[in-house]
Amino acid sequence: MLRSTVLSVLALSGADAFKFMQNFKAPTIGDAVKAKAAKEKFGEKKLAVVTGTSSGLGRKTALALLRTNEYHVVGAVRDLDKMEAVAEIDGFDMENFTPMHCELNSFESVRNFCSELEEFKLTKPIDRLICNAGVYQPSLPYAKWSVDGHEQTMQINYLSHFLMVSCLMEDMSMAKDPRVILVGSVTGNDNTVGGGGVYPIADLKQLEGLKAGFSNPIAMFDGYGFIGAKAYKDSKLCLMMLSNMLHAKYHKQTGIAFSSIYPGCIAESPLFREKRPWFRKYFPVFMKFITGGFVGEEEAGQRLFQVAHDPRCSKSGVYWSWNGGPREGRGAEALEKGGQISGGGGAGGGWDSIYENDQSDKVLDVELSAALFRHSTEITGAQWPKENQVVSPCPTLKVVGAVSKAMIAREELKRMKEHPGFDEDGNPIVKKVSTKQKAALVADKVIVRGILGNTVGRVGSFAKRRLLGKLPENAIQGSFQEEKPKEDAALLAAQFAVEDEIMEADELIKLAVEDSFNAELEAMNYDGVESALSDALQAEAEVSDAKKEVTL
């Protein structure tokens, strides 16, 4: 086992070997058994997880992945019986396809799916996660609610995928070329006619609805009234913003390529099953022969498959599209091809027409994306790995880092001593040091500067003077900043400290007098009340005299 591990490291490229060593853990007997079982189960195939494989785009994408014989595909679906029927009709290779139940309308179901997947895959890391499943309910006059009490379009399309990525990302970082692909839409990108010219427009505004908890009766992220078509467009905008945020936060740390795509308008997709019959009949005709934006399910599936499979698409932080003019090559030839044209805009474009598309200002809004990520995490309960700088596994560098960390901590302790100073407005401040910090200061004084400083420290200081020389006089004396005398700072700090003590004493006197006054009043002792008032006035006069003495 150890010999094979060493050989595998030597066979890796520099970057891959570095990543492998960073995640390396000494293998156990249990790990070895699981690794052997995973090898027998999957062979050399990559493991791809696709949501929504029982219909539409996900169905065709899964079929394209299976045809390569290079992937084992896990299909996350709501209806296992329907998936079984589809797999039989399409001729899925069931040895390399595993359907699993996942109801995106429930966060608990998403977590259960991730747990089942973890048991199923053994030690095999996930190579591809394709977040495809979605619903489109433009005709709804009112919102429908999920199991968790959120508007279901946004939960199914965005929030549940958000949670799924958080659950699977750590495992994916162990794969050689991991990719997370989020299916966006032109409708969420308002720098296009389809996204910016057709009402309603995707717009999260300031996320007031999400900040307020996004629970029934709050149906939209922006906090305004529900519109079914806008909920879909907003969800696609969120997915594209999420792709950019994951790239910025985790790509370097995990090696995962995060990207989003728009495969084109799949006008005959079941996505439009809730539209009126006349729309389902004529919309594909309009997209085929008028705009040229039509894409069949088969072609769209090939596009999503390309982003998952093509080595050129291993780049992170990209919004993938396919090139060509929307009316290119129209006419009789287009009619013969049923509206399909090779290399034309949304309707055509082969393997080599893929390109990195521009994203709208809304998608690229960093501050809003950060707020979206933060509040989505709160609502879903997602747990993300802490952002860490990628560090070398070299033992020497680890030792040097530990020494540097100790030196930095010691220098910071010096700055934490109680001493006078001024804030940015010129007011005196007194730094309060905690008991823990005081203990650390004592330990530093006795052990580090006392014992070590008189032994190893002297040798180090001598070597430093010999090697580096003396500091220039300007470095010690020169200053272009007006500084207040230390004596003034000390005097003012002492004055504030005395005043603090007087205020504390003043408060204690007031409390004592108040208690005495209340006791006398309850006993109806008017003589005692008069005496209490007299004591209060005398105490106030004493405090006033003390304050005058401090000021002088």
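Since the model is a prediction, treat every value here as computed from it, not as a measurement. Scope of the values below: all heavy atoms of this structure, side chains included, with no hydrogens, waters or symmetry mates.
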Within the side chain of [X], is there an N or O that forms a donor-acceptor pair under 3.5 Å with the backbone of [Y]?
X      : Y      : value
Gln306 : Cys313 : no
Ser235 : Met154 : no
Ser173 : Glu170 : yes
Ser160 : Leu104 : yes
His251 : Ser316 : no
Lys34  : Lys124 : no

Lys176 vs Asp127, salt bridge (Lys or Arg N to Asp or Glu O under 4.0 Å): CA-CA, chis, key distance, verdict | CA-CA 7 Å; Lys176 183 179 180 181; Asp127 298 276; over 6 Å; no
Check against side chain to side chain donor-acceptor pair (under 3.5 Å), Asn244 and Gln359 | CA-CA 10 Å; Asn244 292 340; Gln359 302 180 74; 3.2 Å; yes
Could you walk me through whether Tyr158 and Ser376 pass side chain to side chain donor-acceptor pair (under 3.5 Å), step by step?
-> CA-CA 9 Å; Tyr158 167 66; Ser376 298; 2.8 Å; yes
Would you say the side chains of Thr68 and His309 form a donor-acceptor pair under 3.5 Å?
-> no
Can you tell me if Gln155 and Asn105 form a side-chain donor-acceptor pair at under 3.5 Å?
-> no
Given side chains that start at C-beta, do those of [X] and [Y] come closer than 4.5 Å, heavy atoms only?
X      : Y      : answer
Val50  : Val74  : no
Leu372 : Cys238 : yes
Leu159 : Phe107 : yes
Arg78  : Thr51  : no
Tyr232 : Val135 : no
His150 : Ser215 : yes
Val180 : Leu182 : yes
Met164 : Phe113 : yes

What's the spacing between [X] [atom1] and [Y] [atom2] if we round to 0.5 Å?
X      : Y      : atom1 : atom2 : result
Ser146 : Ile156 : OG    : CD1   : 8.0 Å
Ile130 : Ile181 : CD1   : CD1   : 4.5 Å
Cys167 : Met172 : SG    : CE    : 13.0 Å
Ser166 : His161 : OG    : NE2   : 12.5 Å
Asp171 : Ile126 : CG    : CD1   : 4.5 Å
Lys230 : Leu237 : NZ    : CG    : 8.5 Å

Is it true that Trp384 and Phe373 have ring centroids separated by less than 6.0 Å?
-> yes
Does [X] pair with [Y] as a salt bridge, N-O distance under 4.0 Å?
X      : Y      : answer
Arg303 : Glu299 : yes
Glu70  : Lys45  : no
Asp177 : Arg179 : yes
Glu356 : Lys315 : yes
Asp203 : Lys233 : no
Lys121 : Glu118 : yes

Apply side chain to side chain contact (heavy atoms under 4.5 Å, CB included) to Thr61 and Asn132, showing your working.
-> CA-CA 10 Å; Thr61 302; Asn132 156 77; 5.8 Å; no
Closest approach of [X] and [Y], non-hydrogen atoms and distance?
X      : Y      : result
Leu163 : Ala382 : CD1-CA, 3.9 Å
Asn157 : Gly134 : OD1-CA, 3.0 Å
Lys236 : Val183 : NZ-O, 3.0 Å
Ala76  : Cys102 : CB-CB, 3.9 Å

Phe120 meets the ring pair (Phe, Tyr, Trp, His ring centres under 6.0 Å) criterion, sequence neighbours left out, with Phe42, His72
Can you tell me if CD on Glu378 sees more than 12 non-hydrogen neighbours from other groups inside 6.0 Å?
-> yes
Does atom CD of Glu84 have more than 12 heavy-atom neighbours, drawn from other residues, nucleotides or ligands, at distances under 6.0 Å?
-> no
Given His247, Met241, Lys249, the one that forms side-chain contact (heavy atoms from CB on, under 4.5 Å) with Met245 = Lys249
Single hit among Pro263, Ser260, Ser259 for side-chain contact (heavy atoms from CB on, under 4.5 Å) with Trp320 | Ser259
Please work out which of the three classes, parallel, tilted or perpendicular, describes the rings of Phe221 and Phe214, given edges at 30° and 60°.
-> perpendicular
Tabulate below the donor-acceptor pairs under 3.5 Å that side-chain atoms of residues 86-93 make, not counting sequence neighbours, or state none.
residue, atom, partner, partner atom, Å
Asp90, OD1, Arg59, NH2, 3.0
Asp90, OD2, Arg59, NE, 2.6
Asp90, OD2, Arg59, NH2, 3.4
Asp93, OD1, Glu95, N, 3.2
Asp93, OD2, Asn96, ND2, 2.7

Can you check side chain to side chain donor-acceptor pair (under 3.5 Å) on Thr153 and Gln137, steps first, answer last?
-> CA-CA 8 Å; Thr153 300; Gln137 300 170 313; 3.3 Å; yes
